[in-house]
Amino acid sequence: MDYGHLPDKATLILSENEISQRVRALGSLISFDYHSVLKKDDLLLVIGVLNGAFVFMADLIREMSVALEVDFVRLSSYSDSKTSSSQVVMLKGLEREIKDRHVLVVEDIADCGLTLAWFVDHLKSRQPASIKLAVAFDKKSRRQIDLNLDYVGFELDEGFLVGYGLDAARRYRELKGIYSIED
Ligand code: 5GP
Ligand code: MG
């Protein structure tokens with residue numbers, strides 16, 4: 001049951017229970033994969049992309065059983081109508097050094113893919129030991145750029161989504177389920 005204010009004409013797409021079951025499974029899978037990769041005393045560096053990823057990341061790391069630390073970046077993407085290209089700006093950068101570290105990037109949703117593709121390039125230039133991507137939701141059919149997502153919660157194709165960290169004009173992040181609203 002969601003107690004937050006629901007947007008007009010919202011359709012429930014995923015319940016709190018469906019999400020938590022999937023996040024639990026993802027947490028186990030991710031932990032299994034990293035157990036053999038991380039050496040003794042290594043901490044996995046989990047990087048959350050603000051603002052949207054904070055809810056998913058909080059749930060996901062508590063379903064993981066590897067030693068880890070967290071860091072956050074804030075990225076903003078906008079389209080330039082004149083050049084019809086997309087620009088990504090980093091409004092808050094990393095605080096941790098990533099060279100030779102195993103890095104897991106956690107993002108709320110992959111859509112066109114430009115934001116994550118830009119960020120992966122940015123991280124690669126700093127020579128981490130490995131980079132993997134985990135997204136809660138994937139709108140795969142809208143992809144414009146090749147993106148290798150290692151862990152996906154749900155593939156969805158249901159319009160504009162809010163809840164579970166996702167906003168519409170900064171609202172509805174607190175909803176426990178995922179809802180589709182009219183664009
Ligand atoms: P892209 O993959 O197109 O570069 O952008 C991904 C970003 O667009 C996400 O991090 C998110 O902020 C935003 N976004 C894409 N689809 C949706 C959606 O359905 N709902 C919300 N609230 N944000 C979305
Ligand atoms: Mg985002």
Side-chain angles (χ1 to χ4, degrees), residues 2-16 18-20 22-23 26 30 45-61 70-94 103-125 131-183:
D2 262 312
Y3 297 94
H5 296 285
L6 284 168
D8 289 342
K9 298 192 189 140
T11 311
L12 180 70
I13 304 291
L14 295 168
S15 68
E16 177 184 5
E18 287 172 293
I19 296 170
S20 66
R22 180 69 186 130
V23 172
L26 271 186
I30 293 171
L45 180 60
V46 183
I47 300 177
V49 182
L50 295 171
N51 291 331
F54 79 108
V55 174
F56 174 47
M57 179 151 149
D59 285 347
L60 185 65
I61 61 170
V70 302
D71 200 352
F72 293 93
V73 293
R74 181 148 156 64
L75 304 177
S76 179
S77 32
Y78 61 92
S79 334
D80 185 334
S81 51
K82 283 194 194 127
T83 61
S84 72
S85 66
S86 275
Q87 306 285 329
V88 179
V89 179
M90 188 142 58
L91 301 173
K92 180 214 171 297
L94 289 169
V103 169
L104 176 68
V105 177
V106 178
E107 170 65 308
D108 50 4
I109 185 165
D111 186 30
C112 304
L114 297 166
T115 311
L116 275 177
W118 181 91
F119 189 49
V120 167
D121 275 351
H122 173 82
L123 292 176
K124 276 184 180 160
S125 68
I131 306 175
K132 283 187 166 192
L133 302 180
V135 300
F137 312 107
D138 184 13
K139 289 180 169 174
K140 202 174 180 177
S141 59
R142 288 171 43 88
R143 198 81 82 250
Q144 288 177 9
I145 191 164
D146 214 24
L147 203 58
N148 183 25
L149 299 178
D150 300 279
Y151 305 102
V152 174
F154 298 89
E155 257 183 47
L156 298 174
D157 195 11
E158 273 105 349
F160 195 77
L161 307 171
V162 297
Y164 202 67
L166 292 166
D167 73 312
R170 294 176 297 283
R171 295 187 61 184
Y172 310 124
R173 293 194 198 273
E174 73 280 16
L175 298 174
K176 293 176 181 175
I178 278 285
Y179 297 81
S180 175
I181 60 171
E182 297 198 341
D183 259 324

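Counting starts at 1 for both ligands and their atoms, in listed order.
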For the pair F56 and Y164, name the ring-plane relationship: parallel under 30°, tilted 30 to 60°, perpendicular over 60°.
tilted

Nearest candidate to [atom], where distance is taken over non-hydrogen atoms, out of [options]:
atom	options	result
atom 15 (C) of ligand 1	D138, N51, D111	D111
atom 3 (O) of ligand 1	G165, A169, C112	C112
atom 9 (C) of ligand 1	L156, I109, V88	I109

Worked check of side chain to side chain contact (heavy atoms under 4.5 Å, CB included) between R143 and D138:
CA-CA 9 Å; R143 198 81 82 250; D138 184 13; 2.7 Å; yes

Would you say NZ of K124 has more than 12 non-hydrogen atoms from neighbouring residues, nucleotides or ligands within 6.0 angstrom?
no

Atom CG of D121: over 12 foreign heavy atoms under 6.0 Å
yes

Under 4.0 Å from a heavy atom of [X]: which atoms of ligand 1 are those, numbered in the order shown and with their elements?
X	result
D167	21 (C), 22 (N)
E107	10 (O)
F160	17 (C), 18 (C), 19 (O), 20 (N), 21 (C), 22 (N), 23 (N)

Contact with ligand 1 for G113, non-hydrogen, under 4.0 angstrom
yes

Take F119 and I47 through the side chain to side chain contact (heavy atoms under 4.5 Å, CB included) test and state the conclusion after the steps.
CA-CA 11 Å; F119 189 49; I47 300 177; 4.0 Å; yes

For R142, which part has a heavy atom under 4.0 Å from ligand 1: side chain, backbone, both, or neither?
neither

Can you find an N/O atom of V162 closer than 3.5 Å to an N/O atom of ligand 1?
no

Return a yes/no value for L114: is any of its N or O atoms, backbone included, closer than 3.5 angstrom to an N or O of ligand 1?
yes

Check whether the side chains of S180 and T11 place a donor and an acceptor atom closer than 3.5 Å, and report yes or no.
no

Mark yes or no for whether R142, through its side chain, and D111, through its backbone, hold a donor-acceptor pair below 3.5 Å.
no

